[in-house]
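Written out below as structure tokens is the structure these notes cover.
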Protein chains: 2
Amino acid sequence: MQDNRMDLQDEKTPVESIQLEIIRRICFLDYPPGCQLKEAELAVEFGVSRTPVRDAISRIKHLGLVETRNGVGTVVTVLPRQQIEQVYEMRLQLATLIGTVSPHAITQQDLARMDALLDDAIALQAAFDARRYVELNDQLQILIADLIGNALLRSFWRQAYFQAASTWYGVASRAGDGVAASLVQEIQEMKRAMERGDIAAVGFIQRVHIGYGYNRIIEHLFAEEDTSVASGT
Amino acid sequence: MQDNRMDLQDEKTPVESIQLEIIRRICFLDYPPGCQLKEAELAVEFGVSRTPVRDAISRIKHLGLVETRNGVGTVVTVLPRQQIEQVYEMRLQLATLIGTVSPHAITQQDLARMDALLDDAIALQAAFDARRYVELNDQLQILIADLIGNALLRSFWRQAYFQAASTWYGVASRAGDGVAASLVQEIQEMKRAMERGDIAAVGFIQRVHIGYGYNRIIEHLFAEEDTSVASGT
DNA sequence: ATGGGTGTATCTGTATACAGCATGGCAATG
DNA sequence: CATTGCCATGCTGTATACAGATACACCCAT
């Protein structure tokens, strides 16, 4: 078993690059829920024809991030409350599996990435920026995914993250710089666990902080929904 | 929360139908590993152009069932041993989550389906037919998936099943009618659990039998590989 | 003034044509 | 006879053109 962490090499086909970019934009709320994705526009922007764009959009349909109807267009899905609940329910479960299911050994490189991330997070704490927070959180997710040795679990982990990201980042941006402090703490805890080589702990720490995040979503998002519903649309 | 089990309605777009059909053929070994999928042929067979076929094939790439290289073609993936191990590792974990993560209530209809399945399995036991076994096993998986209330877990469950199916069915066919008896027992146990409304038990029973299946794979498949490797290609 | 119907604009879905690429066979040459 | 280079063939990737479908606006009739 050679180090198969190299199989996440970035030799991506054009359509895969487009796919990832669109997913990022949805997760990072560049394309907020309800936003319409026009194939022709994207084709022009990426400098390709409509065909690869269609292919990319088609591939991300199974994530449930977009919904496309004939004659209307492709719109970014507004995830219903129940689905968000289910996504977070699964993320809590998956987190605990990170350390259980054939994890990768932690390398010096991983620790270095973690250190850099910690510095960035601390800097963010001093001067909060919603966009920057999103990027750092994303990098943390990628780093954790790299620690997962089981390819299928890694795939599931990313899928669940993609589905949760836009909602979470929407809440986090409004929650302000409190989330930055939480991120710093999360990274610190995780770094300590990684220094001990304890990946199971990494998973449990993730679980705890996903729980924190979910609570924030309940407070900010669902509370708003309830009041707005109560006040009559 | 209405009964959202209706949202797996079969109003499928053409490309989705093609996608499912191709997946079925791969899982059922109509397209064995290494088999080449030619877009032009499939287009003629389904009576459409190459475009929807391409779309369908493109969508199933994330399952890792096929691999396509430019100039060569699309071939059904030969899953390496390590990946099969990882898939089964995940299936064991997912099975235990079935009863944990917001399960559906068991309806009378579910029990009726189970009864019918049991009868078919018993009939199969009397006159074993590899193809028939595959179909019944597939129906059982679908039935179990319907019991999963969490849409994301259901998606993961199906993905893991798709990745494991072709390997398992290849072994089961060669293992002969012993697997039929095992299937009957599995359905009987599961039926008892469902009659008690104990979905957690359903999950654990699944876990046990997935373990049995994996052991069979190790015996039959990996043993062959090892000997053939030892004898030099 | 309002409701219904129709026309138009625009987007996705599909078909077809072409370019890039890899593979296998064939021929020429050492 | 072996080897190497070239060419033909067939596949996927991409681009473009057209058909189907839907929403919106406008207009006419009531």
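Below, chains carry the letters A, B, ... as their sequence lines are ordered, and counting in each starts from 1. Only a predicted model underlies this, so the values are computations on that prediction, with no experimental measurement involved.
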Pairing string of DNA chain D (Watson-Crick or G-U wobble, both atom distances under 3.5 Å; | = paired to other strand) is ||||||||||||||||||||||||||||||
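As rounded to whole Å, 15 Å separates atom P of D/dT16 from atom CD of A/Glu39. Atom CZ of A/Arg50 is separated from atom P of D/dC18 by 14 Å (rounded to the nearest Å). Rounded to whole Å, the distance from CD on A/Glu67 to P on C/dC11 is 18 Å.
The side chain of A/Arg54 places no N or O atom within less than 4.0 Å of a non-bridging phosphate oxygen (OP1 or OP2) of C/dT12. For the pair A/Arg69 and D/dA23, the criterion of a side-chain N or O lying under 4.0 Å from OP1 or OP2 is met. Listed pair A/Thr68 / C/dG13 meets the phosphate criterion, a side-chain N or O lying under 4.0 Å from OP1 or OP2.
Between B/Gln36 and B/Thr51, the residue anchored closer to the 5' end of DNA chain D is B/Gln36, taking for each the nucleotide with the nearest heavy atom.
Exactly one residue among A/Glu39, A/Glu45, A/Glu41 makes a salt bridge (Lys or Arg N to Asp or Glu O under 4.0 Å) with A/Arg50. That residue is A/Glu39.
Between B/Phe128 and B/Tyr133, the angle of the ring planes lies from 30° to 60°, which puts this pair in the tilted group. Note: A/Tyr88 and A/Tyr214 have parallel aromatic rings, judged against thresholds of 30 and 60 degrees for the angle between ring planes.
Heavy atoms of B/Val15 sit nowhere under 4.0 angstrom from any nucleic acid atom. B/Leu37 comes within 4.0 angstrom of sugar-phosphate atoms only, judged by non-hydrogen atoms across all strands, and of no base.
Judged by atom type and distance alone, B/Asn70 does not reach the base of D/dG13 through any side-chain donor-acceptor pair under 3.5 Å.
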Show the distances under 3.5 angstrom between N or O atoms of the protein and N or O atoms of nucleotides 5-10 of chain D.
{"residue": "D/dG10", "atom": "N2", "partner": "B/Gly71", "partner atom": "O", "Å": "3.4"}

Going through the checks in order, is the side-chain hydrogen bond (donor to acceptor under 3.5 Å, both in side chains) test met by B/Asp138 and B/Tyr169? CA-CA 10 Å; B/Asp138 187 64; B/Tyr169 290 148; 4.7 Å; no
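A distance-only check finds a donor-acceptor pair linking the side chain of B/Gln86 to the backbone of A/Ala151 [under 3.5 Å]. Between the side chain of B/Gln163 and the backbone N or O of B/Ala160 there is no donor-acceptor pair closer than 3.5 Å.
A donor-acceptor contact closer than 3.5 angstrom links the side chains of B/Gln159 and B/Ser155. Remark: the A/Ser58 side chain and the A/Asp55 side chain contain no N/O donor-acceptor pair separated by less than 3.5 Å.
Geometrically, B/Arg91 engages B/Trp157 in a cation-pi contact, judged by NZ or CZ lying under 6.0 Å from the ring centre and within 45° of the ring axis.
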